[in-house]
Amino acid sequence: HVQLVESGGGSVQAGGSLSLSCTASTSTYSGNCMGWFRQAPGKEREGVAAIDTAGTTNYAESVEGRFTISKDNAKNTLYLQMNSLRPEDTAMYYCAAEFCLVHARWLLLPSFDWGYWGRGTQVTVS
């Protein structure tokens, strides 16, 4: 069982930056694919960024070039650096994990079944 805890959310003005972290409870973290998702009020949850076990990354078009996903296996921590934030980035951001062997290109597809989720951290851009 993997427990995920997000942190780093907050309020920022448009054009600003925030860095999110997600700490996993298990040492098997290195075998997990990881991802960031977000859900705004009244909207469906959408994939933001994902990283596979080889370190290959994949991003939603809406954040490409502005957000960077990374992970530190030694610290069991996943990161999301968010730059040039826009009001439309306002949402609850969730970290997800699943033991997997697939390439990052598959991880943001609705068909990929993420087994573990954090409780989320709020990001507000005004």
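The residues of the chain are indexed from 1 along the displayed sequence.
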Which pairs would a plain distance check flag for residues 12-22, meaning a side-chain donor or acceptor within less than 3.5 Å of a matching protein atom at least two apart in sequence or in another chain?
{"residue": "Ser17", "atom": "OG", "partner": "Asn83", "partner atom": "OD1", "Å": "2.9"}

Less than 4.5 Å apart, side chain to side chain, heavy atoms only: is that true for [X] and [Y]?
X	Y	value
Val48	Met82	no
Trp36	Leu108	no
Tyr94	Met92	yes

**OP:** Go through the steps to decide whether Leu80 and Arg38 satisfy the test side chain to side chain contact (heavy atoms under 4.5 Å, CB included), and finish with yes or no.
**Re:** CA-CA 12 Å; Leu80 185 68; Arg38 67 186 181 187; over 6 Å; no
**OP:** Write down the atom of Ala24, the atom of Val2, and the distance for their closest heavy-atom approach.
**Re:** CB-CG1, 4.3 Å
**OP:** Identify the heavy atoms of Gly115 and Glu98 that sit nearest to each other, and give their distance.
**Re:** N-OE1, 2.7 Å
**OP:** Using a cut-off of 6.0 Å, state whether more than 12 heavy atoms not belonging to Glu44 lie near its atom CD.
**Re:** no
Subject >> Partner set under side-chain contact (heavy atoms from CB on, under 4.5 Å) for Thr124, not counting sequence neighbours >> reply: Ser11, Thr90, Gln122
Subject >> With sequence neighbours excluded, residues passing salt bridge (charged side-chain N to carboxylate O under 4.0 Å, His left out) with Asp52 >> reply: none
**OP:** Keeping to residues at least two apart or across chains, list the side-chain hydrogen bond (donor to acceptor under 3.5 Å, both in side chains) pairs with something in residues 103-119.
**Re:** none
Hydrophobic cluster membership, with links at side-chain heavy-atom distances under 4.5 Å among I/L/V/M/F/W/Y: are [X] and [Y] in one?
X	Y	answer
Phe37	Leu107	yes
Met34	Val5	no
Phe67	Ile69	yes

Original post:
Which disulfide bond (SG atoms under 2.5 Å apart) pairs, counting each pair once, include a residue from residues 35-71, with sequence neighbours left out?
Top reply: none
**OP:** Could you tell me whether the side chain of Gln3 and the main chain of Ser25 form a donor-acceptor pair under 3.5 Å?
**Re:** no
**OP:** Could you grab the distance from atom OG1 of Thr53 to atom NZ of Lys71, nearest 0.5 Å is fine?
**Re:** 6.0 Å
**OP:** To the nearest 0.5 angstrom, please state how far the SG atom of Cys33 sits from the CG atom of Leu101.
**Re:** 7.5 Å
**OP:** Apply ring-ring contact (aromatic ring centres under 6.0 Å, His included) to Tyr59 and list each qualifying residue two or more places apart in sequence or on a separate chain.
**Re:** none
Original post:
Considering the options Asn73, Ile51, Asp72, which one meets the side chain to side chain contact (heavy atoms under 4.5 Å, CB included) requirement together with Leu78?
Top reply: Ile51
